[in-house]
Amino acid sequence: MKKGEIYEGIVEKIDFPNKGKVWVDSTCVIVKNVMPGQKIRFRIHKKRKDRCEGMLLEVLEKSLQEVCPPVCKNFPACGGCMYQTMDYKDQLAMKAQQVKSLLDKALKDSSMVETDGTSASVFEGICPSPLQWAYRNKMEFSFGDSYKDGPLALGLHKKASTYDILTTDDCKIVHSDFTKILSCVLDYFTKNPQPFYRKMQHEGYLRHLLVRRAQVTGEILVNLVTTSQKEVDLTGLVSELCGLSLEGRIVGILHIINDSLADVVQSDETRILYGNDYFYEELLGLKFKITPFSFFQTNSLGAEVLYSLARSYVGETKDMTIFDLYSGTGTIAQILAPVAKKVIGVEIVEEAVIAARENAALNHLDNCQFIAGDVLKVLDTIKEKPDFIVLDPPRDGIHPKALEKIIDYGVDRMVYISCKPTSLARDLEVLTARGYKVERVKCVDLFPGSVHTETVCLLGKRKPDTTVKIGIDMEDYRRIRDEEKAE
């Protein structure tokens with residue numbers, strides 16, 4: 001098998017994240033953007049000693065699990081919800097099995113069997129999203145073209161493409177208000193042409209359209225992201241957006257200036273063109289103020305399921321001091337605060353911390369403290385010691401040195417909420433090697449149609465007489481983490 005050769009095969013299974021396994025004779029080839037059971041044609045584009053990777057060229061035969069008709073015009077070219085033709089129950093079963101397999105593999109060397117012979121690891125399946133469609137409350141659309149020198153497009157990237165943009169004006173994972181706003185903005189700049197930003201040349205004006213819409217309150221924040229390479233009068237765009245007939249209500253329109261060379265949505269300067277630079281959402285009886293870059297779960301109703309599950313895993317917290325690490329806008333902290341002595345949240349995004357403090361005041365909670373900074377550094381400055389720790393890190397998981405400091409607190413129990421099961425599995429190897437056992441695990445599907453899922457894990461200190469095999473050491477941890485980042 002050589003790089004560039006073309007083969008055919010059947011996808012036998014999908015490993016997280018989106019890794020289809022196809023066997024050619026005795027060689028396993030990893031091909032992304034496929035579904036289990038499909039017969040595909042693919043080209044070998046990476047060849048290493050221990051594995052091969054292929055690029056999908058064509059689906060020759062559909063999977064027997066593809067029983068649902070596509071719901072949007074861009075399927076399957078758009079990779080946003082690639083499993084949309086699979087029955088939702090089958091999606092849930094596949095995701096649950098993927099997470100369980102990852103955790104079983106990660107914990108096999110520290111098999112976590114108590115001295116009485118019972119298993120300390122309990123996988124409890126997966127909770128479905130309350131909404132299968134129109135569930136997302138945030139979307140980052142990109143300006144570009146769908147082919148070289150084509151007409152202006154605004155939407156999502158083509159599957160496996162860095163440059164080609166599909167106009168996703170009938171996307172079904174968002175409320176119809178999103179697509180009305182997208183169409184309005186695209187029509188405006190089609191009639192009033194401005195160049196889109198070309199990433200290789202670092203030239204152009206239009207970069208992204210960031211839309212956030214609260215599921216419960218219906219409040220909408222529209223953010224046009226451009227470079228500073230031109231000064232453009234946007235009064236007409238604001239007028240057209242404000243004139244839209246929407247189910248929700250636009251409460252703010254912002255012009256965000258972003259001159260970063262990287263293809264990311266960030267702000268060098270934010271100008272308010274209309275209304276406010278924030279909106280409100282409600283979860284579990286609490287109200288939250290959300291700004292353009294505040295972290296907030298992208299599925300509001302699914303987040304209620306997630307946080308209710310996490311709260312049930314936390315259990316009794318009376319007279320406890322809780323650390324909520326990687327706290328975002330303080331959602332978890334404020335859900336736990338009414339039944340705790342004190343909650344201390346730590347978050348590196350200062351804008352999110354400001355919002356968290358405002359949210360705590362809004363919800364009349366006076367036992368929450370939020371600190372802006374890197375968890376690794378902030379933990380050295382906090383005088384209080386936690387009785388319980390909640391972890392909700394970004395996709396890459398927890399920094400190895402920060403994880404060591406967390407373990408050194410020696411709390412009896414902690415809850416780890418993860419949006420990337422591979423990061424969770426890697427961190428659990430360290431935690432189990434350092435004296436913790438996994439007591440309960442359950443997934444919550446916040447991303448129907450996509451490859452992703454959230455996982456909630458309850459950990460407890462092992463009994464002194466528990467026997468555990470040696471787990472992963474810190475050098476292995478760093479090596480695995482670096483390999484994941486490179487991939």
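Position 1 is the first residue of the sequence, and the numbers go up from there.
- When side chains are defined from C-beta on, Val378 counts as touching Thr381, because their heavy atoms get closer than 4.5 Å.
- Considering Val411, Ile382, Val346 in turn, Ile382 is the only one that fulfils the side chain to side chain contact (heavy atoms under 4.5 Å, CB included) rule with Phe323.
- Of all the heavy atoms in Thr455 and Cys443, the pair that sits closest is OG1-SG, 3.8 Å.
- Counting only distance, with no hydrogens or angles, the side chain of Lys199 and the backbone of Tyr163 share no donor-acceptor pair below 3.5 Å.
- Taking a 6.0 Å sphere around CD of Glu269, one finds it holds more than 12 heavy atoms contributed by other residues, nucleotides or ligands.
- For the side-chain contact (heavy atoms from CB on, under 4.5 Å) test, residues two or more places apart in sequence or in another chain that qualify with Glu140 are Lys138, Leu210, Val265.
- Formation of a donor-acceptor pair under 3.5 Å by the Asn18 side chain with backbone atoms of Lys32 is not found in this model.
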Worksheet item: Can you list the steps and then say if Leu336 with Arg311 is a side chain to side chain contact (heavy atoms under 4.5 Å, CB included)?
Response: CA-CA 7 Å; Leu336 297 176; Arg311 185 166 60 182; 4.2 Å; yes
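- With values rounded to the nearest 0.5 angstrom, Phe196 atom CZ is found 9.5 Å from Leu206 atom CG.
- The heavy-atom pair separating Gly330 from Ala356 by the smallest distance is N-CB, 3.9 Å.
- Listed for the Asn258 side chain is a donor-acceptor partner under 3.5 Å among the backbone atoms of Val264.
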Item to complete: Output, in order, the C-alpha distance, side-chain angles, deciding distance and verdict of salt bridge (Lys or Arg N to Asp or Glu O under 4.0 Å) for Glu219 and Arg213.
Response: CA-CA 6 Å; Glu219 295 187 351; Arg213 183 190 187 277; over 6 Å; no
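- Using modelled atom types, one side-chain atom of Thr432 and one backbone atom of Glu429 make a donor-acceptor pair closer than 3.5 Å.
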Worksheet item: Would Leu391 and Ile398 count as a side chain to side chain contact (heavy atoms under 4.5 Å, CB included) if you check the C-alpha gap in whole Å, the side-chain angles of each, and the deciding distance to 0.1 Å?
Response: CA-CA 9 Å; Leu391 304 165; Ile398 303 170; 3.8 Å; yes
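- Of the inter-residue distances, the one linking Phe178 atom CZ with Ser176 atom OG reads 10.0 Å to the nearest 0.5 angstrom.
- Atom-to-atom distance recorded for Ile371:CD1 and Asp324:CG is 11.5 Å, nearest 0.5 angstrom.
- Heavy-atom minimum distance, Cys457 versus Leu428: SG-CD2, 4.0 Å.
- The shortest side-chain heavy-atom distance between Glu124 and Val441 does not fall under the 4.5 Å cut-off.
- A donor-acceptor distance shorter than 3.5 angstrom exists from the side chain of Arg426 to the backbone of Asp396, with no hydrogens or angles considered.
- With Leu92 as the partner, the side chain to side chain contact (heavy atoms under 4.5 Å, CB included) test is satisfied by one option alone out of Cys127, Pro128, Pro448: Pro128.
- Listed by chain and number, the residues in a side-chain contact (heavy atoms from CB on, under 4.5 Å) with Pro394 are Tyr326 (sequence neighbours excluded).
- Between Asn359 and Thr329 there is a side-chain heavy-atom pair separated by less than 4.5 Å.
- In this structure, CG in Leu379 is found 5.5 Å from CG in Leu325, a value given to the nearest 0.5 Å.
- Side-chain atoms of Asn276 do not come within 3.5 Å of backbone N or O of Gly252 as any donor-acceptor pair.
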Worksheet item: Where do Glu358 and Lys289 land on the salt bridge (Lys or Arg N to Asp or Glu O under 4.0 Å) test, with the steps shown first?
Response: CA-CA 7 Å; Glu358 293 176 349; Lys289 179 182 179 181; 2.8 Å; yes
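- With sequence neighbours excluded, the residues forming a side-chain contact (heavy atoms from CB on, under 4.5 Å) with Thr291 are Tyr278, Ser294, Glu351, listed by chain and number.
- Residues Phe296 and Asn137 come closest through the heavy atom pair CD2-ND2, 4.3 Å.
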Item to complete: Determine, stepwise, if the pair Ile417 / Glu454 fulfils side chain to side chain contact (heavy atoms under 4.5 Å, CB included).
Response: CA-CA 7 Å; Ile417 302 172; Glu454 293 274 335; 3.6 Å; yes
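- For Ser146, there are no side-chain hydrogen bond (donor to acceptor under 3.5 Å, both in side chains) partners two or more places apart in sequence or in a different chain.
- Counting heavy atoms from C-beta outward, Leu403 and Leu431 have side chains that approach closer than 4.5 Å.
- A donor and an acceptor atom, one from each side chain of Tyr416 and Asp392, are nowhere located under 3.5 Å apart.
- Summarising the geometry of Asn367 relative to Ala340, their closest heavy-atom pair is ND2-O, 3.1 Å, with the distance given to 0.1 Å.
- A donor atom on one side chain and an acceptor atom on the other are found under 3.5 Å apart for His255 and Thr226.
- At least one donor-acceptor pair closer than 3.5 Å links the side chain of Glu347 to the backbone N or O of Val349.
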Discussion item. Is there a side chain to side chain contact (heavy atoms under 4.5 Å, CB included) between Leu152 and Phe143? Walk through the geometry before answering.
Written reply: CA-CA 7 Å; Leu152 182 67; Phe143 287 95; 4.1 Å; yes
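- With sequence neighbours excluded, the residues that form a side-chain contact (heavy atoms from CB on, under 4.5 Å) with Ala303 are Leu283, Gln297, Tyr307.
- Here the OG-CD distance, from Ser300 to Glu281, works out to 3.5 Å after rounding to the nearest 0.5 Å.
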Discussion item. I'd like to know whether Phe447 forms a ring-ring contact (aromatic ring centres under 6.0 Å, His included) with Tyr135, so could you lay out the CA-CA distance, the side-chain angles of the two residues, the decisive distance to 0.1 Å, and finally the verdict.
Written reply: CA-CA 8 Å; Phe447 318 98; Tyr135 62 84; 7.4 Å; no
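- In this structure, Gln132 contributes its side chain and Tyr88 its backbone to no donor-acceptor pair below 3.5 Å.
- Panel note: side chain Asp319, backbone Lys341; no donor-acceptor pair is recorded below 3.5 Å.
- Leu156 contributes atom CG, which lies 8.0 Å from atom CD1 of Ile165 (distance to the nearest 0.5 angstrom).
- Applying the salt bridge (charged side-chain N to carboxylate O under 4.0 Å, His left out) test to Glu231 and every residue at least two apart in sequence or in another chain returns Arg271.
- Contact between Met82 and Val451 at its shortest, heavy atoms only, is SD-CG1, 4.0 Å.
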Item to complete: Please report the C-alpha distance between Asp408 and Arg434 in whole Å, then the side-chain angles of each, then the deciding distance to 0.1 Å, and finally whether the salt bridge (Lys or Arg N to Asp or Glu O under 4.0 Å) criterion is met.
Response: CA-CA 9 Å; Asp408 287 343; Arg434 293 290 306 277; 3.3 Å; yes
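- Between Ser101 and Gln97, the side chains place a donor N or O and an acceptor N or O closer than 3.5 Å (distance only, hydrogens not considered).
- Salt bridge status for Lys180 with Asp169: absent, with no side-chain N to carboxylate O gap under 4.0 Å.
- When side chains are defined from C-beta on, Thr321 does not count as touching Lys385, because their heavy atoms never get closer than 4.5 Å.
- Taking the centre and axis of the six-membered ring of Phe370, the NZ or CZ atom of Arg357 falls outside the cone set by 45° and 6.0 Å.
- Taking the six-membered ring where the residue is Trp, Tyr197 and His202 present tilted rings, their angle falling between 30° and 60°.
- No donor-acceptor distance shorter than 3.5 angstrom exists from the side chain of Asn299 to the backbone of Ser129, with no hydrogens or angles considered.
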